[in-house]
Amino acid sequence: METLFPIEKFRATRTPFYYYDTTLLRKTIEDVKNEAAKYDNFVVHYAVKANVNPKILKIISEGGLGADCVSGGEIEAAMRAGFPSSGIVFAGVGKADWEINTALDANIFCFNVESVPELEVINELAKAKGKTANVCFRINPEVGAHTHANITTGLAENKFGIAMSDMVPVIERALSLENINFTGLHFHIGSQILDMHDFEQLCLRINELQDVLASKGIKVENINVGGGLGINYDDPEKDPVPDFKSYFKTFANGLRLRPGQKVHFELGRSIVAQMGSLITKVLYVKKGVNKLFCIVDAGMTDLIRPALYHASHKIENITSGKPSETYDVVGPICESSDVFAKDIPVGACERGDLIAMRSAGAYGEIMASQVDKGVANTPAADCQWAIQAKTLSRREEL
Ligand code: LLP
């Protein structure tokens with residue numbers, strides 16, 4: 001049976017594990033860079049939260065992207081992987097003092113600030129170090145993205161960002177603080193967005209807000225539009241590299257920029273999702289009353305997206321080669337929500353078959369429960385490697 005995967009190597013590796021196709025990752029990075037380079041003021045940051053695996057980070061940093069971090073740990077991981085601190089932006093509603101200090105010590109490019117209390121703490125901590133912190137404000141543009149409710153973030157009332165109606169007073173407050181340098185606006189309307197109209201709406205809103213600020217003589221150097229470009233989960237083979245061309249074009253056409261302004265992007269999923277698969281083994285095929293259950297050795301502790309968001313990942317039996325049967329594909333965890341998919345066709349399964357859960361490179365490994373994470377190099381090819389997934393709740397001693 002034809003497959004993308006090095007099956008013999010997989011058979012020799014303990015399951016479950018994440019397998020990353022770094023050839024596809026490099027191709028994706030090339031593509032995002034080339035498409036962004038068509039516009040001389042576009043700057044792309046990789047949203048580290050999507051996958052913080054050191055080897056993956058290193059490949060992305062070598063590709064020359066900046067980093068978008070949401071914690072002190074991510075800033076440290078990004079710098080260890082070689083991202084220059086001058087290309088790091090730091091977002092998050094709950095930045096702790098040590099994280100702010102880490103960012104100040106590293107002289108990162110910019111804090112994406114989400115509240116006035118946070119602004120004041122950054123000012124205090126910068127003052128103590130005799131530094132000035134560059135800040136952008138994250139504004140809620142009230143643009144509803146057509147995506148899952150749990151990953152929509154741009155609406156008026158939610159924990160992220162600052163309401164549009166508060167934008168001017170907050171910027172005025174920043175301009176009055178000695179150790180703060182206001183440099184721009186930050187937005188993020190949600191994730192897994194495939195409809196470019198959502199980004200067009202964001203552009204329109206940014207244009208309006210820019211007009212308001214211009215009328216008050218407030219200078220804006222940077223416009224950060226966040227991330228959010230979606231990928232094809234149903235058919236990863238069809239679109240292994242997302243449509244960066246249309247994405248950047250939407251912003252190039254939609255934004256009315258002022259002279260000298262730079263546009264920043266924070267892309268996570270679209271860069272790393274398609275290169276990753278969770279590889280798991282069939283433990284048992286169990287006949288229920290009306291259903292067949294395919295019980296695999298990975299659980300929600302290895303890939304939580306289906307349990308948390310009802311997210312669907314393409315599930316393939318990569319060793320069977322037999323016609324499909326309909327299964328509920330479930331994990332071994334003692335939770336009823338430990339289900340990857342219900343009533344889906346999968347090549348007929350037998351104990352020992354290998355299953356690939358596709359498009360799992362983003363928000364997969366990073367959201368897994370991990371203890372004692374061991375990294376194993378897959379001897380498949382030196383451009384491809386795997387990481388062992390070990391789960392917390394399945395370990396008896398814990
Ligand atoms: N910038 C900000 C401020 C963000 O909050 C996010 C993602 C990104 C950039 C990157 O977005 P992306 O390009 O990856 O869509 N765990 C969820 C996704 C949460 C996304 C949170 N924010 C999932 O598994 O679908």
Side-chain angles (χ1 to χ4, degrees), residues 28-29 32 36 43-52 56 60 65-71 74 78 88-95 109-115 118 136-141 143 145-155 158-162 184-196 198-199 202 222-233 242-244 247-248 250-251 263-276 278 300 302-313 340 357-368:
T28 308
I29 295 167
V32 78
V43 184
V44 180
H45 305 261
Y46 164 62
V48 172
K49 70 178 75 167
N51 189 320
V52 78
I56 298 306
I60 300 173
L65 305 190
D68 160 36
C69 299
V70 289
S71 70
E74 285 188 10
I88 294 181
V89 294
F90 180 22
V93 284
K95 300 180 185 76
F109 175 67
C110 185
F111 288 84
N112 289 330
V113 173
E114 309 218 11
S115 69
E118 178 197 329
C136 280
F137 285 110
R138 176 165 175 179
I139 309 296
N140 284 334
V143 172
H146 297 95
T147 182
H148 193 286
N150 290 27
I151 48 178
T152 301
T153 48
L155 298 174
N158 74 58
K159 74 172 182 174
F160 303 103
I162 292 167
L185 303 178
H186 175 228
F187 304 88
H188 176 75
I189 55 172
S191 199
Q192 183 53 17
I193 298 168
L194 289 164
D195 185 347
M196 292 300 129
D198 292 339
F199 294 120
L202 173 62
N222 297 293
I223 301 288
N224 183 331
V225 298
L229 176 62
I231 61 135
N232 189 343
Y233 279 99
D243 186 1
F244 295 116
Y247 174 72
F248 289 124
T250 303
F251 288 96
V263 184
H264 298 257
F265 299 86
E266 301 171 338
L267 295 172
R269 188 188 316 265
S270 52
I271 293 177
V272 291
Q274 295 295 38
M275 60 127 196
L278 177 64
M300 62 190 283
D302 300 303
L303 178 65
I304 201 171
R305 302 190 70 255
L308 201 56
Y309 313 119
H310 295 292
S312 98
H313 289 258
F340 289 109
M357 308 216 177
R358 305 290 306 276
S359 313
Y363 308 112
E365 184 195 344
I366 195 163
M367 287 169 71

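We number each residue from 1, following the sequence as shown. First listed ligand is number 1; within each ligand, the first listed atom is number 1. FYI, side chains are in, hydrogens and waters are out, and symmetry mates aren't considered; it's all heavy atoms of this structure.
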- request: Just let me know how Arg269 lines up against ligand 1, side chain, backbone, both or neither, with a heavy-atom cut-off below 4.0 Å.
  value: both
- prompt: With atoms numbered from 1 as shown, which atoms in ligand 1 lie under 4.0 angstrom from a non-hydrogen atom of Leu267?
  reply: 13 (O)
- prompt: Does Gly228 reach ligand 1 with a nitrogen or oxygen that is under 3.5 Å from one of the ligand's nitrogen or oxygen atoms?
  reply: yes
message: Could you check whether any heavy atom of Ser270 sits closer than 4.0 Å to an atom of ligand 1, since that is the contact criterion I want to use?
response: no
Val143 side chain near Phe199 side chain, heavy-atom distance below 4.5 Å: no
- request: Please identify which atoms of ligand 1 are closer than 4.0 Å to at least one heavy atom of Asp68.
  value: 1 (N), 9 (C)
- prompt: Is NZ or CZ of Lys95 both nearer than 6.0 Å to the six-membered ring centre of Phe111 and within 45° of the ring axis?
  reply: no
query: Do any N or O atoms from the side chain of Tyr363 and from the backbone of Ala273 form a donor-acceptor pair under 3.5 angstrom?
result: no
field: Distance filter under 4.0 Å to Met367 heavy atoms, resulting ligand 1 atoms
entry: 16 (N)
task: Please say whether Gly268 places an N or O atom under 3.5 Å from an N or O atom belonging to ligand 1.
output: yes
- request: Can you figure out which of Glu266, His186, Lys49 has its heavy atom closest to atom 4 (C) of ligand 1?
  value: Lys49
- request: Would you please test His186 and Val89 for side-chain contact (heavy atoms from CB on, under 4.5 Å) and show each step?
  value: CA-CA 10 Å; His186 175 228; Val89 294; over 6 Å; no
Under-4.0 Å heavy-atom contact with ligand 1, by part of Ala50 that carries it: neither
- prompt: What do we get for Tyr309 next to ligand 1 when only non-hydrogen atoms under 4.0 Å count, side chain, backbone, both or neither?
  reply: side chain
message: With a 4.5 Å cut-off on side-chain heavy atoms, are Thr28 and Pro242 touching?
response: yes
message: Using a 4.0 Å cutoff against the non-hydrogen atoms of Arg138, which atoms of ligand 1 qualify?
response: 3 (C)
- prompt: At under 4.0 Å between heavy atoms, which part of Val70 makes contact with ligand 1: side chain, backbone, both or neither?
  reply: neither
- request: For His264, enumerate each residue passing the side chain to side chain donor-acceptor pair (under 3.5 Å) test, keeping only those at least two apart in sequence or located in another chain.
  value: His45, Asn222
query: Heavy-atom distance under 4.5 Å between the side chains of Val272 and Tyr46, does that happen here?
result: yes
field: Short side-chain to backbone donor-acceptor contact, Glu74 and Ala47, under 3.5 Å
entry: no
